[in-house]
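Encoded as structure tokens, the structure appears first; notes follow it.
All values below were derived from every heavy atom in this structure, side-chain atoms included, with hydrogens, water molecules and symmetry-related copies excluded. Here is the naming used below: chain letters follow the sequence lines, and residue numbers restart at 1 for every chain. Remember, predicted model here, so these are calculated numbers, not experimental data.
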Amino acid sequence: MKIAVGLSGGVDSSVAALLLKEAGHEVIAMFMQNWNDTTGTLHGDCAWEEDKSVAEMVAKKLDIPFHFVDLSDVYRKKVVDYMFEEYKLGRTPNPDVLCNREIKFDAFLKTALNLGADYVATGHYCRKESFLNEKGEEVFRILAGTDPNKDQSYFLCQLTQEQLSKAIFPIGHLLKSEVRRLAAKAGLPSADKKDSQGICFVGKVDLPVFLQQKLSIKEGVVVEVFMDFYSGNALSKYNFIGYDTVELSLLDEISAPYSYDLSSGRVIGMHQGAHFYTIGQRKGLNIGGHVESIFVISTDVDKNIIYVGEGQSHPGLYRKGLFINENEIHWIRPDLKMATGEIRDYLVRIRYRQPLQKVRIYKTENGLYIVFDEPQRGITPGQFAVWYADEEMLGSGVIS
RNA sequence: UGACCUAUGGUGUAAUGGUAGCACUUCAGAUUUUGGUUCUGUCAGUCCAGGUUCGAAUCCUGGUAGGUCAA
């Protein structure tokens, strides 16, 4: 079996290659270059060149062939342009989810297959399993990584059965500490390399600066919304009921964001563009003088207004439910797809590393309503809600 | 134009005449393969000019600025 490993120069993909090699597979290393523009990036201009040389050293150490592929064009088109577009619309994208769907398990996968590989392996912390259905077809499952602290299944929430059929995750059953130890034991040059952070392949960026390449600065007002806005507000009362006591007729109301306007509060400052901010954000507002920090509770890119509230427990920060449009629902397990009218209890996370939350999901003809048992902080349009049954990731969708 | 009140880091506020402190913000680190969150650390101040006092943010005089009430 010939397996192409996406070797990034980090410790995880290095150990993935190591394990496959030790298992006796024919392994080839492939290093992707996806980004070479350092505009707006913080520290380290040409980080990828160093990563490449580490990856090359790892390949040499493991005695496997090393290939270099440049996917910058497709990355820019499928990931970076999507980012700009989403921010422009006032949503908060997740580039790394797209990077996996469009690059690692699409453009890169195809390149690998063209090089004669049967499978593609990555250093993600998640596990793949499969079983045969009654028709004798193989159905693939993604399970959370065994290391509870590193589970990266979330970033793979948009993969298809087709993509999964070609994927291998060699380190999903290991703890990070074990991966480090294996790397050290094998003498891999990446053993002590620091974990990567920030946008995958781009790195840590000063986001407002990065976005200013395409989005212009536009001064607008910051409006503080106070507690009294919520008293008597129908929405806030749902926060105190469990997910299993919701009436179907209330789903729309529960899952819709609060809507604010200038009369909802008081202008307390100015900002440089509503599209540079996201819900739940605390830093970068430049407004002091409050007893507690103020957080963004809503943005309006059309009117260019940012709404904020004081304190971690501000009601505007919490919502009981969310909605996913019919055309933005993705099932990793199409065989488990919900029919209109169906109701199921699952576990959901709305961001990477968030503990799974108890929910009840309602499928209607318009889309999917997710009602949480506990109100959730910072439900943000554009981000992905991902549903699980125990350890298995079943599907995902873009929050409206 | 008459009377009164107030003036402390970028912001909001503490300090019986005795080392100007806290919170927020900013910035920097740590955590995090998205945004964001969280944690730690840091910078920064007594409106101006005189006076009283061993010693003034504090008391006195004048100035400046803002506010309130009278008109």
Side-chain angles (χ1 to χ4, degrees), chain A residues 6 8-13 32 34-35 42-43 47-48 51 79-80 82-84 86-87 89-104 122-126 145 147 149-158 171 176 179 193-211 215 222 224 268-271 275-299 306 308-314 317-318 349-355 376-386 396 398-399:
Chain A
S8 67
V11 65
D12 298 331
S13 59
M32 285 172 260
N34 288 331
W35 193 247
L42 306 175
H43 32 234
W48 75 272
D51 291 340
V79 180
V80 179
Y82 147 83
M83 263 183 81
F84 285 130
E86 288 284 290
Y87 274 110
L89 293 172
R91 312 214 294 182
T92 305
N94 190 324
D96 287 0
V97 169
L98 268 284
C99 176
N100 283 303
R101 186 181 81 188
E102 303 291 338
I103 308 298
K104 290 178 193 160
T122 64
H124 285 106
Y125 285 85
C126 72
D147 188 333
N149 202 38
K150 288 302 285 191
D151 169 33
Q152 289 170 328
S153 56
Y154 180 82
F155 289 114
L156 304 177
C157 67
Q158 287 276 298
I171 64 164
K176 182 82 193 190
V179 169
K193 199 151 177 288
K194 191 170 151 36
D195 288 5
S196 64
Q197 291 178 3
I199 305 167
C200 165
F201 296 115
V202 176
K204 214 63 182 164
V205 299
D206 182 332
L207 201 67
V209 173
F210 185 79
L211 292 176
L215 305 181
V222 178
E224 176 168 6
I268 59 163
M270 304 301 288
H271 64 80
H275 43 242
F276 297 129
Y277 294 84
T278 191
I279 293 174
Q281 179 171 347
R282 165 184 173 176
K283 294 282 179 182
L285 283 162
N286 243 304
I287 297 173
H290 290 68
V291 175
E292 289 186 82
S293 297
I294 58 175
F295 297 87
V296 175
I297 58 174
S298 181
T299 64
I306 293 178
V308 300
E310 178 172 355
Q312 274 287 11
S313 56
H314 188 92
L317 228 34
Y318 292 86
R349 64 164 55 99
I350 55 170
R351 59 177 59 83
Y352 177 54
R353 287 171 59 84
Q354 182 196 24
Q376 297 297 301
R377 182 184 189 283
I379 292 179
T380 309
Q383 292 279 291
F384 289 87
V386 182
S396 63
V398 181
I399 299 171

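For A/Glu310, there are no salt bridge (charged side-chain N to carboxylate O under 4.0 Å, His left out) partners at least two apart in sequence or on another chain. Take A/Phe276 and apply the ring-ring contact (aromatic ring centres under 6.0 Å, His included) test, not counting sequence neighbours, and it matches no residue. Considering only residues two or more places apart in sequence or on other chains, A/His290 meets the ring-ring contact (aromatic ring centres under 6.0 Å, His included) condition with none of them. The side chain to side chain contact (heavy atoms under 4.5 Å, CB included) test applied to A/Thr92 returns A/Tyr87, A/Thr278, A/Thr380, A/Gln383, not counting sequence neighbours. Taking the salt bridge (charged side-chain N to carboxylate O under 4.0 Å, His left out) definition, one finds that A/Arg91 meets it with A/Glu86, A/Glu328, sequence neighbours left out. Residues passing the salt bridge (charged side-chain N to carboxylate O under 4.0 Å, His left out) test with A/Asp96: none are found, sequence neighbours excluded. Under the salt bridge (charged side-chain N to carboxylate O under 4.0 Å, His left out) criterion, A/Glu102 pairs with A/Lys78, sequence neighbours left out. Scanning for ring-ring contact (aromatic ring centres under 6.0 Å, His included) contacts around A/Tyr277 gives an empty result, with sequence neighbours left out.
Between B/rU33 and A/Tyr352, a contact under 4.0 Å exists linking OP1 or OP2 to a side-chain N or O. Of the side-chain N and O atoms in A/Gln354, none sit less than 4.0 angstrom from OP1 or OP2 of B/rG36. Here A/Arg282 reaches the OP1 or OP2 of B/rU25: one of its side-chain N or O atoms lies under 4.0 Å away. Between A/Lys194 and B/rU31 there is a side-chain polar atom (N or O) within less than 4.0 angstrom of OP1 or OP2.
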Could you provide the dot-bracket string of RNA chain B, using ( ) for intrastrand pairs, [ ] for crossing pairs and | for bases paired to another strand, with Watson-Crick or G-U pairs below 3.5 Å? .((((((..((((....[..))))..((((.......)))).....(((((..]....)))))))))))..
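Minimum heavy-atom separation, A/Val308 to A/Ile306: CG1-CG2, 3.9 Å. Between A/Cys157 and A/Val386, the shortest heavy-atom distance links the atoms CB-CG2, 3.5 Å. Of all non-hydrogen atoms in A/Ile103 and A/Val79, the two that sit nearest each other are CG1-CG2, 3.9 Å.
For A/Lys193 and A/Asp12, the salt-bridge test fails: no basic side-chain N is under 4.0 Å from an acidic carboxylate O. Using a 4.0 Å cut-off between charged nitrogen and carboxylate oxygen, A/Lys176 and A/Asp195 count as a salt-bridge pair.
As rounded to the nearest Å, B/rG45 and B/rA57 have P atoms that lie 15 Å from one another. A distance of about 14 Å separates the P atoms of B/rG21 and B/rG9, rounded to the whole Å.
Among the atoms of the strands shown, none is found under 4.0 Å from any heavy atom of A/Leu98. Using a 4.0 Å heavy-atom distance criterion, A/Glu310 is classed as making no nucleic acid contact. Using a 4.0 Å heavy-atom distance criterion, A/Ser196 is classed as a base contact. Contacts of A/Gly311 with the nucleic acid, taken as non-hydrogen atoms under 4.0 Å apart, are absent. Residue A/Phe384 is out of contact with every strand shown, counting any heavy-atom pair closer than 4.0 Å.
With hydrogens and angles ignored, a donor-acceptor pair closer than 3.5 Å exists between the side chain of A/Arg351 and the base of B/rG35. In terms of polar N and O atoms assigned as donor or acceptor, the side chain of A/Thr380 comes within less than 3.5 Å of the base of B/rG35 in a complementary pairing. At a cut-off of 3.5 angstrom, counting only N and O atoms as typed in the model, there is no donor on one side facing an acceptor on the other between the side-chain of A/Gln281 and the base of B/rU37.
In terms of position along RNA chain B, the nucleotide closest to A/Asn286 lies nearer the 5' end than the nucleotide closest to the other residue of the pair A/Gly378 and A/Asn286.
Here B/rU34 is the nucleotide among B/rU33, B/rU34, B/rG35 with the atom lying nearest to any side-chain atom of A/Asn94.
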Distances under 3.5 Å only, N/O to N/O: pair up the protein atoms with those of nucleotides 45-47 of chain B.
none

Under 3.5 Å between N/O atoms: give me all the protein pairs with nucleotides 40-42 of chain B, atom names plus distance.
none

For nucleotides 6-13 of chain B, list the nitrogen or oxygen atoms of the protein found under 3.5 Å from its nitrogen or oxygen atoms, one pair per line.
from   : atom 1 : to       : atom 2 : distance (Å)
B/rU11 : O2     : A/Gly289 : N      : 2.8

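Following rounding to the nearest Å, A/Asp195 (CG) and B/rA30 (P) show an atom-to-atom distance of 13 Å. In this structure, A/Lys204 atom NZ and B/rA28 atom P are separated by 13 Å, rounded to whole Å.
In this structure, the side chains of A/Asn94 and A/Val398 stay at 4.5 Å or more apart for every pair of heavy atoms.
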